[in-house]
> 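Before I ask anything, here is the structure I am working with.
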Amino acid sequence: MTSRYVRPYGDTTGDGMVQMSLTVPVPHGPKAEGAAAQLAAKMGIEPAMVVHSHAIGPDFTFVVVYGSVKHLIDLDEVKVVEREYPLLSPTEINTSVKKSLRRKMVVVGACIGTDAHTVGIDAILNIKGFAGQKGLEYYRELRVVNLGAQVAVPDLVKRARSEKADAVLVSQVVTQRDAHLLNTKEMAAAFREAMGERRPLLVAGGPRFDPLQAGELGVDRVFGRGTTPGEVASFLVHAMSHKEKVA
């Protein structure tokens with residue numbers, strides 16, 4: 001049974017050993033390593049040992065620091081989004097969609113705003129997929145419309161309506177000044193205004209999203225880094241099934 005209070009594990013249970021990497025704006029050398037060690041000590045890593053460093057150009061140094069912390073982790077205070085639905089195989093997903101909708105599920109995907117990074121949305125939608133799994137285009141009971149990059153929110157809403165989308169998937173990689181959060185809130189508000197309760201499922205994803213932000217952003221689900229096509233497809237089946245029962 002897992003204890004409520006735990007420490008990081010390095011060499012022995014409870015030793016509190018952690019490894020931290022950082023970049024300092026100091027030329028590679030003893031001063032750069034000393035600066036990184038000082039910062040680590042101020043963060044509670046004691047003793048802080050520099051175990052690796054290398055130059056990044058003439059003015060920056062990448063440093064890895066290793067050491068022990070005294071802090072305890074209270075697992076009762078760890079808040080995460082637990083997956084409340086089973087991961088289904090492609091066959092199970094196709095069967096479920098056919099049974100519940102009696103037609104193909106329409107999924108529209110895009111990168112909105114000025115975001116030109118399609119690697120995330122392509123990993124989920126394109127048949128080549130990600131992490132050894134085929135993308136949503138592979139599922140015969142899903143009709144996928146990939147709008148690509150830099151799609152304006154009004155255009156996304158218009159296209160989703162014309163396609164009679166069941167779900168809209170939005171990927172956001174650019175995060176400067178919280179652009180991913182602002183764009184997602186704008187998108188959710190636009191769908192609410194245009195379609196109200198008849199709006200499609202709204203799903204946002206990207207490496208800097210926190211799954212706990214779904215309610216704050218006005219979407220049905222948020223996926224973070226490492227999400228696979230199978231996870232998304234299984235969620236869509238689960239959510240659509242629940243939506244049909246409620247309706």
Side-chain angles (χ1 to χ4, degrees), residues 79-85 97 100-101 103-126 135-136 142-227 229 231-247:
K79 306 301 180 186
V80 296
V81 175
E82 298 279 4
R83 179 168 48 80
E84 72 281 13
Y85 55 89
V97 171
S100 62
L101 293 184
R103 59 172 173 78
K104 290 190 176 183
M105 181 189 297
V106 181
V107 180
V108 174
C111 296
I112 57 176
T114 59
D115 200 329
H117 300 78
T118 63
V119 61
I121 198 70
D122 287 344
I124 300 300
L125 298 183
N126 287 1
L136 269 58
L142 303 185
R143 184 168 72 82
V144 175
V145 181
N146 189 346
L147 302 181
Q150 298 182 319
V151 179
V153 167
D155 293 337
L156 176 61
V157 173
K158 183 178 179 180
R159 186 65 180 273
R161 294 186 74 168
S162 68
E163 297 286 352
K164 297 182 180 179
D166 296 296
V168 172
L169 275 52
V170 169
S171 173
Q172 292 278 266
V173 174
V174 175
T175 60
Q176 286 88 343
R177 298 184 180 181
D178 288 337
H180 61 309
L181 303 181
L182 298 174
N183 288 339
T184 304
K185 287 180 179 179
E186 178 190 352
M187 183 263 302
F191 271 101
R192 284 197 305 272
E193 182 178 347
M195 304 179 71
E197 294 299 317
R198 298 180 65 83
R199 69 164 175 79
L201 291 170
L202 301 179
V203 179
R208 296 294 180 89
F209 277 110
D210 181 345
L212 290 170
Q213 295 174 312
E216 170 193 343
L217 298 177
V219 299
D220 297 289
R221 194 77 173 197
V222 167
F223 287 105
R225 58 184 174 79
T227 300
E231 289 180 81
V232 176
S234 296
F235 167 74
L236 294 180
V237 166
H238 166 79
M240 285 301 301
S241 175
H242 179 72
K243 190 174 182 181
E244 291 292 314
K245 289 178 182 177
V246 171

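Note that the structure is predicted; figures quoted are calculated from it, not measured.
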> Locate the shortest heavy-atom distance separating Ala167 from Pro200; write the atom from each residue and the value.
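Scanning both residues, the minimum pair turns out to be N-CB, 3.8 Å.
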> Does some side-chain heavy atom of Val97 sit less than 4.5 Å from a side-chain heavy atom of Leu236?
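No, their side chains stay 4.5 Å or more apart.
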> Starting at CZ of Arg208, measure out to CD of Gln213 and round the result to the nearest 0.5 Å.
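CD of Gln213 is found 12.0 Å from CZ of Arg208.
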> So, do Arg103 and Asp166 sit near enough that their side-chain heavy atoms are less than 4.5 Å apart?
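Touching, per the 4.5 Å side-chain cut-off.
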> Please examine the side chains of His180 and Asp178, heavy atoms only from C-beta on, and report whether any two atoms are closer than 4.5 Å.
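Yes. Closest side-chain heavy atoms under 4.5 Å.
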> Looking only at non-hydrogen atoms, find the nearest pair between Ala188 and Leu202 and report the distance.
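Looking at all heavy atoms of both residues, the closest pair is CA-CD1, 3.9 Å.
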> Is the count of non-hydrogen atoms from other residues, nucleotides or ligands lying under 6.0 Å from Glu84 atom CD greater than 12?
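Yes.
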> How about Phe191 and Leu156: do any of their side-chain heavy atoms sit closer than 4.5 Å?
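Of all side-chain heavy-atom pairs linking Leu156 with Phe191, at least one is under 4.5 Å.
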> Looking only at heavy atoms, what is the nearest atom pair of Gly135 and Pro229, with distance?
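Closest approach of Gly135 to Pro229: CA-CB, 3.9 Å.
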> Mind checking whether Gln172 and Asp115 have side chains closer than 4.5 Å, heavy atoms only?
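Gln172 reaches Asp115 side chain to side chain.
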> Do you know which two heavy atoms are closest between Val157 and Ala190, and how far apart they sit?
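That would be CG2-CB, 3.9 Å.
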> Distance from Gln150 atom CD to Asp155 atom CG, nearest 0.5 Å?
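These two atoms lie 12.5 Å from each other.
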> Just so I know, are the side chains of Val232 and Val107 near enough to count as touching, which here means a heavy-atom distance under 4.5 Å?
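Of all side-chain heavy-atom pairs linking Val107 with Val232, none is under 4.5 Å.
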> Measuring only between side-chain heavy atoms, which start at C-beta, is Leu217 closer than 4.5 Å to Phe209?
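Sidechains of Phe209 and Leu217: in contact.
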> To the nearest 0.5 Å, how far apart are CE in Met240 and CG in Leu101?
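Result: 4.5 Å between the selected atoms.
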> I'd like to know if Asp210 and Lys79 make a salt bridge, using a cut-off of under 4.0 Å between side-chain N and carboxylate O.
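Salt bridge between Asp210 and Lys79, a charged N being under 4.0 Å from a carboxylate O: no.
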> Return the minimal non-hydrogen interatomic distance between Asp220 and Phe235, and the atom names on each side.
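Looks like O-CZ, 4.1 Å.
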> Starting at OG1 of Thr118, measure out to CG of Leu125 and round the result to the nearest 0.5 Å.
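Nearest 0.5 Å value for the OG1-CG distance: 10.0 Å.
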> To check you understand the geometry: which heavy-atom pair defines the closest contact between Asn183 and Ile112, and what is its length?
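Result for this residue pair: O-CD1, 3.4 Å.
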> Side chains of Val222 and Glu216: does their closest heavy-atom pair fall under 4.5 Å?
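In short, these two side chains do not touch, never coming nearer than 4.5 Å.
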> Give a yes or no answer on whether the side chain of Ser234 reaches the backbone of Glu231 with a donor-acceptor pair at less than 3.5 Å.
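The answer is no, because no donor-acceptor pair under 3.5 Å joins these two groups.
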> Are the side chain of Ser241 and the backbone N or O of His238 linked by a donor-acceptor pair below 3.5 Å?
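Answer holds: no.
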